[in-house]
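Here is the structure we will look at.
Both ligands and their constituent atoms are indexed starting at 1 by order of listing. The chain is numbered in sequence order, starting from 1.
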Amino acid sequence: MKCPFCAHPDSKVVDSRPDKGGAAIRRRRECESCAKRFTTHERIEETLPLVLKKDGRREPFDRMKIIGGILKACEKRQVSRETIDRLVDRLEGRLQEWSEKEVPSTTIGEWVMTEIHDIDEVAYVRFASVYRSFKDVNEFMVELQDLLKK
Ligand SMILES: [Zn+2]
């Protein structure tokens, strides 16, 4: 793990503890060159299923991509970055519990929508409009009407 201060390639672990209910490991490291300390969060990514896209391709779950999409949907809304991080943590938790080797991207989309719906309704409509546009406009309108009824 490269030192963020001097870019020295070697560091030693001075402390290590499970993070986020065991899904990640938080390590305190000390640079072997400048002796400054920094923290790393290591995730156990190989346990996550591959994402099966609509065109049949498979790709690894990309946390940053999901966060990017949610950030866009939450633009100018009162949603903190921490709330979004926790949302994606929950998403990763569900992926870890997924029993198959592949998970359809549509399933992840549904999970994200359910989560956003609980957080911010405007962000939900934005996210849903982008997401549903790939499927069926009518479906989106039904979704929107359900939302307006509430
Ligand atoms: Zn250093």
Side-chain angles (χ1 to χ4, degrees), residues 1-135 139-140 143-144 147:
M1 196 67 67
K2 212 166 160 187
C3 170
F5 303 102
C6 72
H8 185 75
D10 297 313
S11 61
K12 65 178 180 210
V13 175
V14 291
D15 185 35
S16 182
R17 60 186 61 180
D19 199 7
K20 293 173 184 129
I25 296 169
R26 181 182 177 277
R27 291 208 161 110
R28 198 73 188 134
R29 292 171 176 272
E30 187 180 298
C31 174
E32 290 183 356
S33 173
C34 71
K36 278 187 181 148
R37 292 191 172 186
F38 56 98
T39 305
T40 55
H41 297 267
E42 292 164 37
R43 293 172 185 286
I44 309 156
E45 298 201 15
E46 52 275 25
T47 61
L48 295 183
L50 284 174
V51 178
L52 181 62
K53 306 207 313 179
K54 278 180 194 157
D55 61 9
R57 282 186 296 152
R58 290 156 184 82
E59 61 179 26
F61 176 73
D62 186 343
R63 186 183 168 94
M64 289 321 292
K65 205 161 151 186
I66 299 279
I67 290 178
I70 299 173
L71 278 175
K72 198 168 270 178
C74 292
E75 222 167 53
K76 297 193 179 118
R77 303 295 302 166
Q78 300 287 330
V79 181
S80 72
R81 179 56 203 262
E82 208 199 328
T83 303
I84 296 172
D85 277 336
R86 265 194 255 119
L87 186 164
V88 182
D89 285 344
R90 283 194 296 277
L91 207 63
E92 283 187 351
R94 292 180 81 160
L95 282 172
Q96 264 152 6
E97 281 159 23
W98 189 259
S99 56
E100 287 158 58
K101 286 197 166 71
E102 289 169 1
V103 57
S105 60
T106 49
T107 301
I108 296 178
E110 298 292 338
W111 289 349
V112 174
M113 287 212 293
T114 311
E115 290 273 356
I116 295 185
H117 185 258
D118 293 340
I119 292 170
D120 187 285
E121 296 211 336
V122 171
Y124 169 75
V125 173
R126 284 188 196 148
F127 186 89
S129 70
V130 173
Y131 178 70
R132 294 286 193 200
S133 67
F134 290 101
K135 259 191 190 167
E139 226 174 310
F140 172 55
E143 193 81 26
L144 194 62
L147 190 70

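Counting only protein N, O or S atoms, 4 lie closer than 2.8 Å to the Zn ion (ligand 1).
For the pair I70/V79, no side-chain contact is recorded, criterion being any heavy-atom separation below 4.5 Å from C-beta on. When side chains are defined from C-beta on, E121 does not count as touching V125, because their heavy atoms never get closer than 4.5 Å. Side-chain contact check for E102 versus P49: every heavy-atom pair is 4.5 Å or farther apart.
Going from atom CZ of F127 over to atom CD1 of I116 covers 5.0 Å, rounded to the nearest 0.5 Å. Interatomic distance, CD1 of I119 versus OG1 of T114, reported as 11.0 Å (0.5 Å rounding).
Across F61 and V51, no two heavy atoms sit closer than the pair CA-CG2, 3.8 Å.
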